Protein chains: 2
Amino acid sequence: MSVGHTAVTTPGTAAETAGPPPAGTRTPGPCADEYDDCGIRDVLDRIGDKWSVLVMVELAKGVRRFRELQRAIPGISQRMLTLTVRRLERDGLVERTVHATVPPQVEYELTPMGRGLTAQLRALFEWAGENHARLVASRRRWDAEHPDSEVH
Amino acid sequence: MSVGHTAVTTPGTAAETAGPPPAGTRTPGPCADEYDDCGIRDVLDRIGDKWSVLVMVELAKGVRRFRELQRAIPGISQRMLTLTVRRLERDGLVERTVHATVPPQVEYELTPMGRGLTAQLRALFEWAGENHARLVASRRRWDAEHPDSEVH
DNA sequence: CTGAATCCTTTCTGATACTG
DNA sequence: CAGTATCAGAAAGGATTCAG
């Protein structure tokens, strides 16, 4: 997702009548309601991408080198792994350590903040594990009732 | 994200050996480690998109009509709201009720499963609220140290 | 009001080739 | 090993138009 990580595009037409969330870019003041934003968007953009969670899950097991990560995450390309760890590093969730050895050796590990996030994700993982079957069933049912639909 | 909601490409090869997470592809056997997959991908694909969470958060406050949702979520286009609620409905997270009145009236509300998911998301919201400032700070620092970078 | 259908632009990913 | 640089295809998102 992301899209530059800002929702509203139109600069003018947006907030006119004024309301709780002026939505120029995102809620300017503190969280509109109980949360609404609160930076949840930044977090969702990170965990919502294709590989970040998998990388964090792997790093939750311990320090890993670039190649180790790639081998541990089937399907990820070198390019995407690089981008993913860079973004995680940028957000302060992962720390990158370069050892100036002959064959370059770079190690990645979760920062305290990164560990904090993965801890919060567990609740989500558990829920997913418990409800995935139901979700898939619902999905199949819906697809059966709506043969021709692009909503996938 | 998403990409057909399965990471590794291979299309056909669905459930062959049969197992808890037939998953389009991903981890061969059941959940590799503690989670890895377990359907977490489906969940992340849903909450990771641009609007689903905002819609669920709004619906967590009560039943809402289409226009009410759109007004409550600044920036969302009619098209995206339609797609978002449809996908949530497909996954069994939201229920759609059509009232055959003169001006069409359609109401949306979270299903028990939908409420269950939003409950799990609160942990994430709280974490985001507590760590967003730190994350943004880290981001600014990183950007300052890497003037020319596309990793955004 | 509640959508469905189009068209078009932006963003994301993956494949490939090259480098210190 | 650990990246960087390109490039092309795929997918997501937005604006607009039309309809029940």
Side-chain angles (χ1 to χ4, degrees), chain A residues 1-14 23 41 44-46 48-52 54-55 63-87 89 94 96-108 146 148-152, chain B residues 1-11 25 44-52 54-55 64-87 89 94 96-108 146 148-152:
Chain A
M1 56 154 1
S2 275
V3 184
H5 84 305
T6 30
V8 202
T9 43
T10 72
T13 61
R41 176 47 48 196
L44 288 173
D45 280 351
R46 187 60 53 244
D49 68 21
K50 200 172 177 180
W51 308 104
S52 292
L54 295 180
V55 169
V63 179
R64 291 288 185 280
R65 295 181 52 177
F66 190 87
R67 293 292 304 177
E68 292 180 322
L69 279 175
Q70 189 167 23
R71 275 190 292 269
I73 304 172
I76 193 170
S77 65
Q78 192 174 50
R79 167 184 151 73
M80 287 316 296
L81 179 55
T82 298
L83 283 176
T84 301
V85 293
R86 280 291 175 293
R87 292 196 272 240
E89 186 194 0
V94 162
R96 177 169 173 269
T97 308
V98 180
H99 297 283
T101 59
V102 165
Q105 180 170 344
V106 181
E107 294 182 328
Y108 295 91
H146 304 72
D148 49 345
S149 177
E150 301 294 326
V151 188
H152 286 40
Chain B
M1 57 159 356
S2 267
V3 184
H5 83 303
T6 28
V8 207
T9 49
T10 75
T25 323
L44 288 174
D45 280 352
R46 185 60 52 246
I47 70 171
D49 67 20
K50 199 172 180 181
W51 307 104
S52 292
L54 295 181
V55 170
R64 291 288 186 280
R65 295 181 51 177
F66 190 86
R67 292 292 306 177
E68 291 180 324
L69 279 175
Q70 189 167 21
R71 275 191 292 269
I73 305 171
I76 192 171
S77 66
Q78 196 173 50
R79 168 185 152 75
M80 288 317 295
L81 179 53
T82 299
L83 283 177
T84 302
V85 292
R86 281 291 174 294
R87 292 196 271 240
E89 187 194 359
V94 162
R96 177 169 172 270
T97 308
V98 180
H99 296 284
T101 59
V102 164
Q105 180 170 343
V106 182
E107 294 182 329
Y108 295 91
H146 303 73
D148 50 344
S149 177
E150 302 294 326
V151 188
H152 286 42

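Protein chains get the first letters and strands the later ones, always in sequence-line order, with residue 1 at the start of each. A quick note: this is a predicted structure, and the numbers were derived from the prediction, not measured.
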Heavy-atom nearest nucleotide on DNA chain C for Pro103(B) versus Ser77(A): which residue maps closer to 5'? Pro103(B)
Comparing Leu83(A) and Val102(A) on DNA chain C - which has the more 5′ nearest nucleotide: Leu83(A)
Whole-Å distance separating the CZ atom of Phe66(B) from the C1' atom of dA4(C):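 Value for this atom pair: 11 Å.
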Distance check needed: dT2(C) C1' versus Arg71(B) CZ, whole Å only.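 Checked: the CZ to C1' distance equals 12 Å.
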Per side-chain hydrogen bond (donor to acceptor under 3.5 Å, both in side chains), Glu107(B) is matched among Arg65(B), Arg96(B), His99(B) by His99(B)
Reckon [X] has a side-chain N or O less than 4.0 Å from the OP1 or OP2 of [N]?
{"X": "Lys50(B)", "N": "dT11(C)", "value": "no"}
{"X": "Arg65(A)", "N": "dC1(D)", "value": "no"}
{"X": "Tyr108(A)", "N": "dC1(D)", "value": "no"}

At what distance, to the nearest 0.5 angstrom, does [atom1] of [X] lie from [atom2] of [Y]?
{"X": "Thr84(A)", "Y": "Ile76(A)", "atom1": "OG1", "atom2": "CD1", "answer": "4.5 Å"}
{"X": "Asp49(B)", "Y": "Met80(B)", "atom1": "CG", "atom2": "CE", "answer": "7.0 Å"}
{"X": "Glu89(A)", "Y": "Tyr108(A)", "atom1": "CD", "atom2": "OH", "answer": "7.0 Å"}

Extract from the structure each pairing of a protein N or O with an N or O of nucleotides 4-7 of chain D at less than 3.5 Å, listing the distance.
residue : atom : partner  : partner atom : Å
dT4(D)  : O4   : Gln78(A) : OE1          : 3.4

Are the side chain of Arg41(A) and the backbone N or O of Lys50(B) linked by a donor-acceptor pair below 3.5 Å?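 The answer is yes, because a donor-acceptor pair under 3.5 Å joins these two groups.
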Met80(A) side chain, from C-beta outward: closest of dC1(D), dG13(D), dG14(C):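 Nearest listed nucleotide: dG14(C).
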Across all chains, not counting sequence neighbours, the side-chain hydrogen bond (donor to acceptor under 3.5 Å, both in side chains) partners of Arg64(B) are Glu58(B)
What does the inter-axis angle of the helix from dC1(C)-dG20(D) to dG20(C)-dC1(D) come out as, five pairs per end, nearest 10 degrees?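 End-to-end axis angle: 40°.
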